[in-house]
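Everything on this sheet refers to the single structure shown next.
From a predicted model like this one, the values you see are computed outputs, not experimental measurements. Read the numbers this way: they start at 1 and go in the same order the structure lists the ligands and their atoms.
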Amino acid sequence: MVTDKAVDSTEENHENLDVLDSTRTVIKTALEKLGYSDEVYELLKDPLRMMSVRIPVRMDDGKVKVFTGYRAQHNDAVGPTKGGIRFHPDVTAKEVKALSIWMSLKAGIVDLPYGGAKGGIICDPRQMSFRELEQLSRGYVRAVSQIVGPTKDIPAPDVFTNSQIMAWMMDEYSKIDEYNSPGFITGKPIVLGGSHGRESATAKGVTIVLNEAAKKRGIDIKGARIIIQGFGNAGSYLSKFLYDQGAKIVGIADAHGALYDADGLDIDYLLDRRDSFGTVTNLFDNTISNKELFEQECDIIIPAAVENQITRDNAHKIKASIIVEAANGPTTAEATQILTERGILLVPDVLASAGGVTVSYFEWVQNNQGYYWSEEEIDQKLHEIMINAFETIYNLSQTRKVDMRLAAYMIGVRKMAEAARFRGWV
Ligand SMILES: NC(=O)C1=CN([C@@H]2O[C@H](COP(=O)(O)OP(=O)(O)OC[C@H]3O[C@@H](n4cnc5c(N)ncnc54)[C@H](O)[C@@H]3O)[C@@H](O)[C@H]2O)C=CC1
Ligand SMILES: O=C(O)CCC(=O)C(=O)O
């Protein structure tokens with residue numbers, strides 16, 4: 001007898017979790033809807049440049065370990081490329097390529113003079129000493145130094161990287177450049193030319209679009225039950241902003257596990273106890289799995305950790321009526337379709353998480369001009385940009401009767417396609 005399990009284990013029944021494949025499919029559809037030729041798709045379906053590097057680091061035990069890293073530069077038709085660097089054991093070349101494409105789309109959506117890029121190193125910083133991390137960060141910059149720079153490609157933080165790592169990288173690049181180059185990288189400490197508001201920018205941007213999405217669905221954030229996966233840079237600030245706004249944060253998760261309490265969690269306590277990698281659930285006995293968390297009662301879910309968390313396996317079980325993607329690529333293509341059919345409003349990553357790169361752009365502008373803005377100025381500019389982007393994409397999704405992800409891709413890809421056309425590339 002053929003069991004369901006046996007049928008499910010055949011190749012063709014496995015859900016495609018390849019984030020590069022799924023983003024290409026949406027780009028192709030977006031370009032078709034906008035009337036662009038196949039040539040434009042051929043240009044944009046892959047990064048223009050992908051550098052793979054090997055970084056030797058002498059570890060604290062005296063042995064040399066060689067790490068693999070990547071820098072993908074998707075498209076520089078609009079301007080220099082920009083995007084974060086991820087330190088994570090699951091980094092792959094394909095993932096970094098997809099992440100670089102998403103950066104191009106974000107830059108288009110919030111109208112920045114950039115193309116997209118992304119970097120990654122296969123490593124587990126949670127298992128490394130401060131000295132080893134510094135050597136790895138400096139080694140990466142030396143390895144990619146020929147293709148990055150303040151007018152070429154400007155890195156920033158992402159998963160398991162932070163302002164200290166940006167500071168080491170900036171220092172290393174400045175040595176190579178023989179010039180103090182704060183504009184080489186963003187997300188730096190304020191004393192090294194970092195911008196007010198960059199650390200909380202991703203979460204602030206997500207909070208702004210979530211408030212707009214909630215208005216569309218008649219949900220009051222005050223009292224709304226919210227689940228947030230990820231308690232790092234994005235997730236921790238998000239939980240604080242929403243908690244302070246009166247939301248009931250009923251669930252949070254990190255790489256270790258998840259916590260759920262229908263009466264609401266004590267966010268200030270959890271923030272106080274989390275470690276520098278955004279882990280806090282390891283301190284509790286009554287945890288559930290990340291997978292179980294997504295199936296709990298709530299009004300809003302915010303994935304703010306890693307890719308492929310909402311799949312065809314759990315999309316049917318989600319009880320929220322709004323999902324806002326703070327993480328890059330948390331929802332698969334099949335899950336997006338299921339959620340849309342179920343009438344759940346899905347605010348896509350390339351829109352929702354664009355607040356980070358927006359304030360990174362402000363940081364770069366401030367570094368270039370050598371004149372710095374107040375936190376109030378940054379907040380007000382970010383607010384205006386995120387509201388405009390949300391309204392444009394929401395309205396396009398309504399008028400063209402497409403989901404918000406496709407509408408966001410249509411907006412995000414247009415400037416890049418036009419810039420490539422004017423340059424005579426396609
Ligand atoms: N930091 C930024 O400015 C931006 C971040 N993002 C995206 O937001 C997401 C989170 O990034 P950050 O908060 O910066 O990273 P982070 O390193 O500060 O925090 C990551 C969080 O995810 C959790 N996590 C890691 N692996 C996990 C797994 N396999 N399952 C469940 N949880 C896991 C960690 O425990 C931690 O709580 C990523 O998708 C990132 O690309 C997007 C835009 C900008
Ligand atoms: O701040 C930046 O430049 C990039 C942020 C980033 O990597 C992202 O939006 O995924």
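Atom CZ of Arg273 has 12 or fewer heavy atoms from other residues, nucleotides or ligands within 6.0 Å. Within a 6.0 Å radius of NZ in Lys216, more than 12 heavy atoms belonging to other residues, nucleotides or ligands are found.
The minimum heavy-atom distance between His74 and Leu44, with the atom names listed, is NE2-O, 2.8 Å. Shown here for Gly278 and Asp254, the closest heavy-atom pair between the two residues is O-CB, 3.2 Å. In plain terms, the two heavy atoms of Ser236 and Leu271 that are nearest each other are CB-CD2, 3.5 Å.
Sorted by first and then second residue, the ring pair (Phe, Tyr, Trp, His ring centres under 6.0 Å) pairs with a member in residues 260-287 read Phe160-Phe277; sequence neighbours excluded.
Which parts of ligand 2 touch Ser360 is read off a 4.0 Å heavy-atom cut-off, strictly below it: atoms 1 (O), 2 (C), 3 (O). Within ligand 2, counting atoms from 1 as listed, the ones closer than 4.0 Å to a heavy atom of Gly356 are 1 (O). Set against the non-hydrogen atoms of Val357, the atoms of ligand 2 under 4.0 Å away are 1 (O), 2 (C), 3 (O). Numbered from 1 in the order shown, with element, the atoms of ligand 2 that lie under 4.0 Å from a heavy atom of Ala156 read 1 (O), 2 (C), 3 (O), 4 (C).
In this comparison of Arg86, Met166, Arg198, the heavy atom closest to atom 5 (C) of ligand 2 sits on Arg198.
Distance alone, capped at 3.5 Å, places no donor-acceptor pair between the Ser360 side chain and the Val357 backbone.
The shortest N/O to N/O separation between Gly84 and ligand 2 falls below 3.5 Å.
For atom 8 (C) of ligand 2, the nearest protein heavy atom (residue, atom name, distance) is Met103 SD, 3.1 Å. The nearest heavy-atom contact from the protein to atom 9 (O) of ligand 2 is Lys106 NZ, 2.8 Å. The nearest heavy-atom contact from the protein to atom 10 (O) of ligand 2 is Lys118 NZ, 2.7 Å. Nearest protein neighbour of atom 3 (O) of ligand 2, counting heavy atoms only, is Lys82 NZ, 2.8 Å.
The contact shell of ligand 1, taken as protein residues with any non-hydrogen atom closer than 4.0 angstrom, comprises Arg86, His88, Lys106, Asp158, Val159, Phe160, Arg198, Thr202, Gln229, Gly230, Phe231, Gly232, Asn233, Ala234, Asp254, Ala255, Phe277, Gly278, Asn290, Ala304, Ala305, Val306, Ala326, Ala327, Asn328, Ser353.
Under 4.0 Å is where a charged nitrogen must lie from a carboxylate oxygen, and between Glu132 and Lys65 no such pair does.
Put simply, the residue from Asp261, Asp263, Asp299 that forms a salt bridge (Lys or Arg N to Asp or Glu O under 4.0 Å) with Arg225 is Asp299.
Looking at Tyr372 and Glu377, their side chains never bring a donor and an acceptor atom within 3.5 Å of each other. Donor-acceptor pairing under 3.5 Å is lacking for the side chains of Thr186 and Tyr361.
Only side-chain heavy atoms of Asn328 come within less than 4.0 Å of ligand 2; its backbone N, CA, C and O stay farther off.
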